[in-house]
Participant: 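Could you have a look at this structure, given as structure tokens, before my questions?
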Amino acid sequence: MNNGNKVVLIGDGFVGSSYAFSLVNSTLASELAIIDIRKDKEVADVNDLLDATVLTPSATIVRSGSYEDCKDADLVVLAYGNSQKNLVNRLDDIKIATEMVLDTIPKVVANGYDGVILLATNPVDVIARVVEEVSGFSSERIVGTGTSLDSARFAQYLALETGFNVADINAYVIGEHGNSSVAV
Ligand SMILES: NC(=O)c1ccc[n+]([C@@H]2O[C@H](COP(=O)([O-])OP(=O)(O)OC[C@H]3O[C@@H](n4cnc5c(N)ncnc54)[C@H](O)[C@@H]3O)[C@@H](O)[C@H]2O)c1
């Protein structure tokens, strides 16, 4: 059973569609509205996820969304970006990601969204700040994924090197999710 939460996912590429699949396999959301500028991808993923929900415990209602869905949403997730470019440094993505924020966040705000925005869009720490500025929301309402992926990778490398089970390893990468991060 799900607990009645509605999630709006904006950006349905590699990251967004993986997030969506994980979500429908959890019991966290009753409804998932997906928005992507690539409508064919959005609709194809909605149909595939609906098929999958027959086999999941939550039976999440998945559908193509619009910005009006933000009105009564409990969580808005930003997973847009562009993974197709061959970038050396995540900071190179600032301009394109900022344009995406300027295109989307005013529509989220205009529809009266009053919850938290979770984002993975790189460079994630910088873009979290841009989302805060553009939305006018307090910083507590903007949650970037930060170095969570780096920490997971670090723990995995240590597990492979030492032979210990990754479940027995606590390891953290701190700082920015980028070239200046530090493994501790
Ligand atoms: N924070 C992390 O740990 C982490 C990890 C992996 C990837 N990322 C970042 O996540 C982002 C997405 O990566 P990906 O591999 O899924 O990219 P992708 O290119 O596969 O998907 C991006 C999607 O965003 C959509 N999009 C672009 N502009 C949009 C807009 N204005 N409105 C709605 N949708 C829009 C595109 O159509 C595409 O489907 C990138 O910025 C990437 O660097 C972050």
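Remember, it's 1-based here, ligands and their atoms both numbered in the order they're listed. When reading the values below, keep in mind they use all heavy atoms of this one structure, side chains included, and skip hydrogens, waters and symmetry mates.
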Participant: For atom 16 (O) of ligand 1, tell me which residue out of Asp150, Val15, Leu78, Thr147 has the closest non-hydrogen atom.
Facilitator: Val15
Participant: Test your reading of the model: is there a side-chain donor-acceptor pair from Asn5 to the backbone of Leu28, 3.5 Å cut-off?
Facilitator: yes
Participant: Below 3.5 Å, N or O to N or O, backbone or side chain included: is there any such pair between Thr104 and ligand 1?
Facilitator: no
Participant: For Val173, does its backbone N or O pair with a side-chain atom of Ser181 as donor and acceptor, under 3.5 Å?
Facilitator: no
Participant: Please could you name the atoms of ligand 1 that Gly81 approaches to less than 4.0 Å, counting only its heavy atoms?
Facilitator: 19 (O), 22 (C), 24 (O), 40 (C), 41 (O)
Participant: Taking 4.0 angstrom as the limit and counting only heavy atoms of Thr145, give me the atoms of ligand 1 inside it, by number and element.
Facilitator: 1 (N), 2 (C), 3 (O)
Participant: Run the numbers on Leu32 and Leu9 for side chain to side chain contact (heavy atoms under 4.5 Å, CB included), then give the verdict.
Facilitator: CA-CA 7 Å; Leu32 170 63; Leu9 169 66; 4.0 Å; yes
Participant: Which one holds for Ser148 and ligand 1: side chain close, backbone close, both close, or neither close, with close meaning a heavy atom under 4.0 Å?
Facilitator: neither
Participant: Below 4.0 angstrom, N of the basic side chain to O of the carboxylate: do Lys6 and Asp69 qualify?
Facilitator: yes
Participant: May I ask you to say whether Glu42 pairs ionically with Arg38, meaning some side-chain N is under 4.0 Å from a carboxylate O?
Facilitator: no
Participant: So, the side chain of Lys41 versus the backbone of Asp12: is there a donor-acceptor pair under 3.5 Å, distance only?
Facilitator: yes
Participant: Between Val124 and ligand 1, does any nitrogen or oxygen pair lie at a separation below 3.5 Å?
Facilitator: no
Participant: Of the listed options (Leu149, Ile127, Asn122), which comes nearest to atom 42 (C) of ligand 1 when hydrogens are ignored and any heavy atom counts?
Facilitator: Asn122
Participant: Tell me whether Phe14 has any N or O atom under 3.5 angstrom from an N or O of ligand 1.
Facilitator: yes
Participant: Report, in ascending order of atom number, the atoms of ligand 1 lying under 4.0 Å from any heavy atom of His177.
Facilitator: 1 (N), 2 (C), 3 (O)
Participant: In terms of hydrophobic clustering (I, L, V, M, F, W, Y; side-chain heavy atoms under 4.5 Å; direct or indirect links), are Leu158 and Val166 co-clustered?
Facilitator: no
Participant: Which is closest to atom 39 (O) of ligand 1 by heavy-atom distance: Val101, Asp36, Ile37?
Facilitator: Asp36
Participant: Can a side-chain donor-acceptor contact be found between Thr147 and Tyr172 if the only test is distance below 3.5 angstrom?
Facilitator: no
Participant: With a 4.0 Å cut-off on heavy atoms, does Lys41 reach ligand 1?
Facilitator: no
Participant: What about Asn82: any of its N or O atoms under 3.5 Å from an N or O on ligand 1?
Facilitator: no
Participant: Which atoms of ligand 1 sit under 4.0 Å from any heavy atom of Gly11?
Facilitator: 24 (O), 34 (N)
Participant: Under a 4.0 angstrom heavy-atom cut-off, which atoms of ligand 1 come close to Ile10?
Facilitator: 33 (C)
Participant: Is a side-chain N or O of Arg141 found less than 3.5 angstrom from the main chain of Gly115, in a donor-acceptor match?
Facilitator: yes
Participant: Indicate whether the side chain of Ser138 and that of Glu140 have a donor and an acceptor atom separated by less than 3.5 Å.
Facilitator: yes
Participant: Check whether any side-chain N or O of Thr60 sits under 3.5 Å from a backbone N or O of Ala29 as a donor-acceptor pair, and report yes or no.
Facilitator: yes
Participant: Is Thr121 close to ligand 1, meaning an N/O of one under 3.5 Å from an N/O of the other?
Facilitator: no
Participant: Do ligand 1 and Asp103 have nitrogen or oxygen atoms that lie under 3.5 Å from each other?
Facilitator: yes
Participant: Looking at ligand 1, does any of its N/O atoms fall within less than 3.5 Å of an N/O of Met100?
Facilitator: no
Participant: Using distance alone, decide if ligand 1 has a nitrogen or oxygen within less than 3.5 Å of any nitrogen or oxygen in Asp93.
Facilitator: no
